[in-house]
Amino acid sequence: MSYSNLSIAAIRAGLATRQFSAEELVQDALNTINIRDKVIHAFIELCPELAYRAAEKLDAALSAGEAPPLLAGATIGYKDNMNLEGTHTTCASKMLENYKSPFTATCVTKTLEAGALPLGKLNMDEFAFGSSTETSYFGCTHNPWDLERVPGGSSGGSAAAVAAGMVTVALGSDTGGSIRQPASFCGVVGFKPTYGVISRYGVVGFGSSLDQAGVFGRSVANVAETIDAMSGKDPLDCMSQDAHAVYSSSVGAGVKGMRIGIVRSYVDADGISPEIHNALEDAISKLESLGAVITEVELPNAKAALSAYHVIGPCEAFSNLSRFDGIRYGYLSPNARNLDELYEQSRAQGFGAEARRRIMLGSYLLSSGIYEQYYLPAQKVRTLITQDYHQVFEQVDALLTPTTARTAFKFGEIADPVSMYLSDIFTIPINIAGNGGMSLPVGLGEESGLPVSVQVIGPQFKDENIFRVAAALEACYPDIARIAPDTSGTQQASQAGGSAQDSQVGGSGQSSPQGESAQASPEGGAA
């Protein structure tokens, strides 16, 4: 029997009534990974020992008469910028290829305490710099719906693992759309909470004022229960908030009387594909039929969000990545003749092209005379965008927008970095403002046959509004596929697949003495 399609609630109930064991769930998931990940390459590292150990502990507790915890038996994977003791945390970079986590991130710890079964670490764009998972040192992840297309990024491995039925849920991080965009491309639910709802401690930092951990799942209910387990104040992250809510209780509450805002300039935006436009209009119609009040609103400064993000993001990335110098952490060049060469060569050889690009851009933007021209205006724009959202949410309870302008693109189709940055045009604004958002699949495109999605956005610290709207809308699409069909027998992965990744599955490279001796987190606490 395969357990891939079971919800968290069904898994919990099955364990409670002894229909199956946690050990059987792990074995089934590993079998699925063994079959499907040969061509998808979602995992950088598997940790079957940790999974079986967690399953043994859970089965023993249930046999002793204990009630199953919230995420009991849910198989889970973690984006490889999240520390998990007993695994490597590489950020998909040569710089950290041999780094072993000496501790576990808070968000990971909370899922394990809630009974989830950890299967491994998932592929990503290097240090989360990208929108396609093409910048990973370990090779690309392929979209389960079409192996010639990207899964999105930077949390592409997390989205693909859920879409392929390899895990029940997966964790990712979202700095400018890195959960919602790949969720849209892979046809799964992807949720970024309000900034501060989930602790960032133990998650390697990209942009500290923008980063937020979140969840991928095949249903709104699965995501809600996972967020229930993860949310809350963490003394190890000074930006985390005591905003714990039972989000799963909002699922099924309905939308009758809720005011849903539509940003007309988003709906009719230049470059949005007909498939996305039609899906959004259909979702609007369905919400209206459920009793929601549809209101047109505007976000006048949102168009400047992309510019502000690509100033603030590189500046914060430059700061966060300064610790990776080959001495404190990371790759150490073997050919350096002095200290200056050691720094230069280690960073030049350890970082990939996109990481180097963002480091150099951040360095330039923070330099004397340039800082005042770009960074300060970007922060002022951020204030204006945040005010726009506050004003809009005085009028409505949630917003409905596109997640992406198009469906998943092919490998190599977007080679220009600026064009790639535009992939997140609808997702970046709420990272600037700090609001929560969810990408929800609403079917397959009429022409492409690829997943199409819409985005639900809520007021800050009222993420329950998002779950209400998304769950109501999800119920209007009961027939959409939750797991992508296995096409590996008829469709071969392109050369972009990256053979380097193959050697990493089951153990992210051989750990060097340098990697084993590190005793502190490379993210330096709550980045």
Side-chain angles (χ1 to χ4, degrees), residues 33 37 40-47 50 75-85 87-93 96 99 101 104-112 116 118-141 150-164 166-183 185-186 188-193 198-207 210-217 223 226-227 230 320 431 439 501 504-505 508 521-523 527:
I33 292 168
D37 208 46
I40 292 174
H41 302 302
F43 282 87
I44 290 179
E45 178 179 11
L46 293 174
C47 54
L50 296 182
T75 54
I76 191 167
Y78 303 103
K79 186 175 181 178
D80 201 31
N81 62 349
M82 297 178 174
N83 280 276
L84 169 60
E85 188 174 359
T87 69
H88 296 77
T89 298
T90 72
C91 294
S93 177
L96 290 175
Y99 179 79
S101 299
T104 300
T106 298
C107 59
V108 175
T109 296
K110 287 191 172 186
T111 60
L112 298 177
L119 294 180
K121 308 298 283 295
L122 295 159
N123 203 12
M124 57 184 285
D125 281 297
E126 184 183 11
F127 283 102
F129 300 150
S131 301
S132 63
T133 318
E134 291 176 286
T135 68
S136 171
Y137 172 67
F138 301 109
C140 304
T141 295
V150 305
S154 62
S155 308
S158 298
V162 173
M166 293 188 276
V167 293
T168 309
V169 291
L171 300 195
S173 63
D174 192 308
T175 306
S178 289
I179 289 175
R180 291 158 290 145
Q181 186 252 27
F185 280 7
C186 291
V188 298
V189 180
F191 175 58
K192 179 201 89 74
I198 305 296
S199 171
R200 296 166 302 130
Y201 178 75
V203 181
V204 180
F206 163 5
L210 303 164
D211 297 342
Q212 181 59 71
V215 179
F216 295 86
V223 170
T226 308
I227 293 293
M230 293 167 60
N320 279 320
N431 291 84
S439 180
Q501 194 271 352
Q504 302 304 313
V505 172
S508 180
S521 164
E523 56 79 64

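- Summarising the geometry, atom OG1 belonging to T90 is positioned 4.0 Å from atom CD1 belonging to I44; distances are rounded to the nearest 0.5 Å.
- Remark: D125 pairs with no residue by the salt bridge (charged side-chain N to carboxylate O under 4.0 Å, His left out) rule, at least two apart or across chains.
- Among residues two or more places apart in sequence or in another chain, the side-chain contact (heavy atoms from CB on, under 4.5 Å) test is passed with T109 by T104, E113.
- Remark: S131 pairs with D424 by the side chain to side chain donor-acceptor pair (under 3.5 Å) rule, at least two apart or across chains.
- Heavy atoms only, all atoms of each residue included: P182 and G153 are closest at CD-O, 3.5 Å.
- With sequence neighbours excluded, the residues forming a side-chain contact (heavy atoms from CB on, under 4.5 Å) with S136 are A92, N123, F138, listed by chain and number.
- Between T89 and V204 the shortest side-chain heavy-atom distance falls below 4.5 Å.
- Of the residues V189, T168, V167, the one that meets the side chain to side chain contact (heavy atoms under 4.5 Å, CB included) test with V162 is V167.
- Summarising the geometry, atom OG belonging to S93 is positioned 14.0 Å from atom OH belonging to Y99; distances are rounded to the nearest 0.5 Å.
- Between D37 and I40, some side-chain heavy-atom pair lies under the 4.5 Å cut-off.
- The closest side-chain heavy-atom distance from M82 to V203 is below 4.5 Å.
- A search for side chain to side chain donor-acceptor pair (under 3.5 Å) contacts involving Q181 returns nothing, not counting sequence neighbours.
- Annotation: side chain to side chain donor-acceptor pair (under 3.5 Å) contacts of S158 (sequence neighbours excluded): none.
- Looking at T141, its side chain does come within 3.5 Å of a backbone N or O of H41 through a donor-acceptor pair.
- By the salt bridge (charged side-chain N to carboxylate O under 4.0 Å, His left out) test, K121 pairs with D80, sequence neighbours left out.
- Distance CD/E85 to OG/S101: 8.5 Å, rounded to 0.5 Å.
- A salt bridge (charged side-chain N to carboxylate O under 4.0 Å, His left out) check over residues 167-183, counting only residues at least two apart or in different chains, returns the pairs D174-R180.
- Taking the ring centroids of F127 and F206, they lie at or beyond the 6.0 Å cut-off.
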>> Pair L84, L112 - check side chain to side chain contact (heavy atoms under 4.5 Å, CB included), show working.
In response: CA-CA 10 Å; L84 169 60; L112 298 177; 4.0 Å; yes
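- Applying the ring pair (Phe, Tyr, Trp, His ring centres under 6.0 Å) rule to F216 yields no partners; only residues at least two apart in sequence or on another chain are considered.
- Among all heavy-atom pairs drawn from L119 and M166, the shortest one is CD1-O, 3.7 Å.
- Applying the side chain to side chain donor-acceptor pair (under 3.5 Å) rule to S178 yields the partners S154; only residues at least two apart in sequence or on another chain are considered.
- Inter-residue side-chain proximity for V108 and N83 is flagged as unmet; no heavy-atom pair is nearer than 4.5 Å.
- Heavy atoms only, all atoms of each residue included: S173 and S155 are closest at O-OG, 3.1 Å.
- Shown here for L122 and G77, the closest heavy-atom pair between the two residues is CD1-C, 3.4 Å.
- Within the 4.5 Å cutoff, no side-chain heavy atoms of K110 are placed close to those of I198.
- One distance of note links SG of C107 with CD of Q212; it measures 9.0 Å at 0.5 Å rounding.
- At least one donor-acceptor pair under 3.5 Å links the side chain of E45 to the backbone N or O of H88.
- In terms of heavy-atom proximity, A213 sits nearest to P193 at O-CD, 3.1 Å.
- Scanning all heavy atoms of the two residues, the minimum distance from P151 to T133 falls at CG-OG1, 3.8 Å.
- Every residue was checked against the ring pair (Phe, Tyr, Trp, His ring centres under 6.0 Å) condition with Y78, not counting sequence neighbours, and none meets it.
- Side-chain atoms of E126 and T135 include no donor-acceptor pair closer than 3.5 Å.
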